[in-house]
Amino acid sequence: MIFEEQLERWLTEAFVQAFPGEAVVAGRIGVTATADERNGDYQCNAAMGLARLLQMKPRDIAERWVAAAPKRDGIEDVEVAGPGFINIRLTSTALAQWLIVMENDSTLGTPAVGRGRTVVLDYSSPNVAKPMHIGHIRSTVIGNALDRLHRFLGFRVVADNHLGDWGTQFGLLIMGYRHFRDEHRLREQPVEELERLYVKSYERSRADEEWLAAARRELVKLQQGDAENLALWQQFIDLSMQSFEPIYDRLNVTFDLARGESYYRDQLGAVVQLLRDRGLAEESEGAQVVRLEAEGMPVCIVQKSDGGYNYATSDLATIKQRMEEFAPERIIYVTDERQQLHFKQCFTIAHKLGWAPSLVHVWFGLMRLPEGTFSTREGNVIKLERLLDEAEARALKLVQTASPDMTASDQAAVARAVGIGAIKYADLSQNPQSMITFTWDKALAMDGNSAPYLQYACARINSVRDKFRSRFPDQDLTDCPLVLQEAVERRLALRLTRFPGTIMRAVELLRPSILADYLYDLAQTYSSFYQNVPFLKAPAGVRESRVRLGGLVASVLRQGLDLLGIETPDRI
RNA sequence: GUACCCAUAGCUCAAUUGGAUAGAGCACCUGACUACGGAUCAGGAGGUUGCAGGUUCGACUCCUGCUGGGUACGCCA
């Protein structure tokens, strides 16, 4: 049970004491961290919400409530304030005890609430035959953080890269490949060449109906299993995967599965049949559609009039397969906002079919350039590879000036962690549901609220720790009590205790930014601590306590950054 | 036309899902001791939360109507 839950249980007991007949509401009593430390450490706002139910003034409820509270170790002070806030101040001893619990726990006090539960995470999902560009980074980075957060809570996670590897574009691509390919370019930059071939073929198809018809024929051949086209298609996939791998590698992202849409292609007919059998799908203008007017949505086409299948069908087949194979309680999709309607339709149909998993779409706003939308046609696409290169190059310059004595290979490793971390953090530290205008300076910020700020805080802690060890080699810190005397020490301890609750909230709301905000706040508090009190020159006792506290901050920062997919080098 | 999303300091974003005096970073202005890493810290200035109503003890948050921007909407994925 985490710290907040202990307080909630205590308040609930008190409430039952004070209002014996009203136990019904006891489940809804929660505490939150105070925004302003003058109001204590935690606050409970339940009294105001209960005023109507209890027919009493909130202030009176709170006072009676507090008066009935049983004695409890660890609580310094409880008081009623304002309209009926209950403010709780903890003793330093209680904070210190909880810190020691965290210190001795491999998950820093976070309970394994996900044990025995399964979630499927569908994220990244780039299209075959197109290079990954900056528009792909958000799904990849947010999805991966959700993946890590769930695993940390003990969930079994099935991370699936649902590649766009099937569909009508392959007819055009095959035509482009046959007629326009440049062998040299194909060897040097295969995916860029494939994209060029597709674009060229697409443009030709708009002016040349015969070309378009030929592309359709190639697509039909592919779908019917024509050996030659199948081999070409497989080659496109292989080339694309080879180009994605180094990027995933640099981003430190791994999947359990990479099942593209093609994986489900033999199940699509059965899905449409199922929808017909259940009376959900019907014929309309030669196509099979599911009507969703009653749900306030437009119709969803599940089979085209030419017999081909759509995206919705594919996603339904995917849900079915995942249910049967993994029995997840939840499937989470991380994509951009344009797919909101699509998923709403899919989820609605899945529910109509009685499918059990909770289906959640975590969406994020599109990325744009200051000059407007980017598009392949206009050639203003920024490739992901270039973004990562640029980030590492900028970080390397910083490392070289800050740590000139480091070996070149260490500098490169640190630059990688700092540069990639900066990019990931830029995406993870904000609520994703707004459009992002990409600028180099924003994506690669290395000061203020940024990953390097957090990494820097860790490096300073490590440095203090090492100096302490060399000066006091025999001192075992775990034997030294934590003393939380200074206001900033207490503040820091309080922040630390909030780690488990923060993780749980981030997972509950599927928002890694909650964790990022917390880590930044913690690092800021630490930096203030670091800058304003002495460590190694402090008196014995206080000195050990401070170094030990710093160690715990480092553990939390390192763990938290790891959950965001960001590395923490020992020095930067 | 219909639906969904967004709008907070000059800029980029927070605000514990209805809580206390709306907080950070960037940029700007002042300061910081050989001491442990200045990628930092202490402070200053910067706000009618797009507009108008409503709901209640209490609204950036919920409801209604506007304005401006984005996205999607029967044979793409």
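Protein chains get the first letters and strands the later ones, always in sequence-line order, with residue 1 at the start of each.
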Residue pairs passing the side chain to side chain donor-acceptor pair (under 3.5 Å) test where at least one lies in residues 289-301 of chain A, sequence neighbours excluded: A/Glu282-A/Arg291, A/Glu295-A/Lys352
For nucleotides 57-64 of chain B, just jot down a letter per nucleotide in 5' to 3' order: B, S or -, based on protein non-hydrogen atoms under 4.0 Å. B-------
Should the pair A/Tyr526 and A/Phe529 be assigned to parallel (<30°), tilted (30 to 60°) or perpendicular (>60°) ring geometry? perpendicular
Strictly under 4.0 angstrom, non-hydrogen atoms only: write out the protein contact profile of nucleotides 6-11 of chain B, one letter per nucleotide from the 5' end, B, S or -. S-----
Pairs satisfying ring-ring contact (aromatic ring centres under 6.0 Å, His included), at least one member in residues 44-66 of chain A, at least two apart: A/Phe15-A/Trp65
Pairing annotation in dot-bracket form, given for RNA chain B with Watson-Crick or G-U pairs under 3.5 Å and | for cross-strand partners: (((((((..((((.....[...)))).(((((.......))))).....(((((..]....))))))))))))....
Which residues satisfy the ring pair (Phe, Tyr, Trp, His ring centres under 6.0 Å) test with A/Phe438, sequence neighbours excluded? A/Trp440
Show every side chain to side chain donor-acceptor pair (under 3.5 Å) that has at least one partner inside residues 161-171 of chain A, sequence neighbours left out. A/Asn161-A/Tyr248, A/Asp165-A/Ser262
In chain order, what residues pass the ring pair (Phe, Tyr, Trp, His ring centres under 6.0 Å) check against A/Phe236, with sequence neighbours excluded? A/Tyr177
Report each atom pair, protein N/O against N/O of nucleotides 72-75 of chain B, whose distance is under 3.5 angstrom.
{"unit_1": "B/C75", "atom_1": "O2", "unit_2": "A/Ser305", "atom_2": "N", "d": "2.7"}
{"unit_1": "B/C75", "atom_1": "O2", "unit_2": "A/Ser305", "atom_2": "OG", "d": "3.3"}
{"unit_1": "B/C75", "atom_1": "N3", "unit_2": "A/Ser305", "atom_2": "OG", "d": "3.3"}
{"unit_1": "B/C75", "atom_1": "N4", "unit_2": "A/Glu285", "atom_2": "O", "d": "2.7"}

Sort and list the pairs that fulfil salt bridge (charged side-chain N to carboxylate O under 4.0 Å, His left out) and have at least one residue in residues 52-63 of chain A, not counting sequence neighbours. A/Arg59-A/Glu63
For A/Tyr520, all residues meeting ring pair (Phe, Tyr, Trp, His ring centres under 6.0 Å), sequence neighbours excluded: A/Tyr453
ring centroid sep under 5.5 Å plus plane angle under 30, A/Phe85 with B/A20: yes
Nearest whole angstrom, please: distance from the C1' of B/U40 to the CZ of A/Arg460. 5 Å
Does the pair A/Arg495/A/Asp521 count as a salt bridge with the N-to-O cut at 4.0 Å? yes
Report, one pair per line, the protein and nucleotides 24-35 of chain B atoms (nitrogen or oxygen only) whose separation is under 3.5 Å.
{"unit_1": "B/A24", "atom_1": "O3'", "unit_2": "A/Gln524", "atom_2": "NE2", "d": "3.4"}

Carboxylate-amine/guanidinium proximity below 4.0 Å for A/Asp441 and A/Arg394: yes
Between A/Arg138 and A/Asp427, is there a side-chain N and carboxylate O pair less than 4.0 Å apart? yes
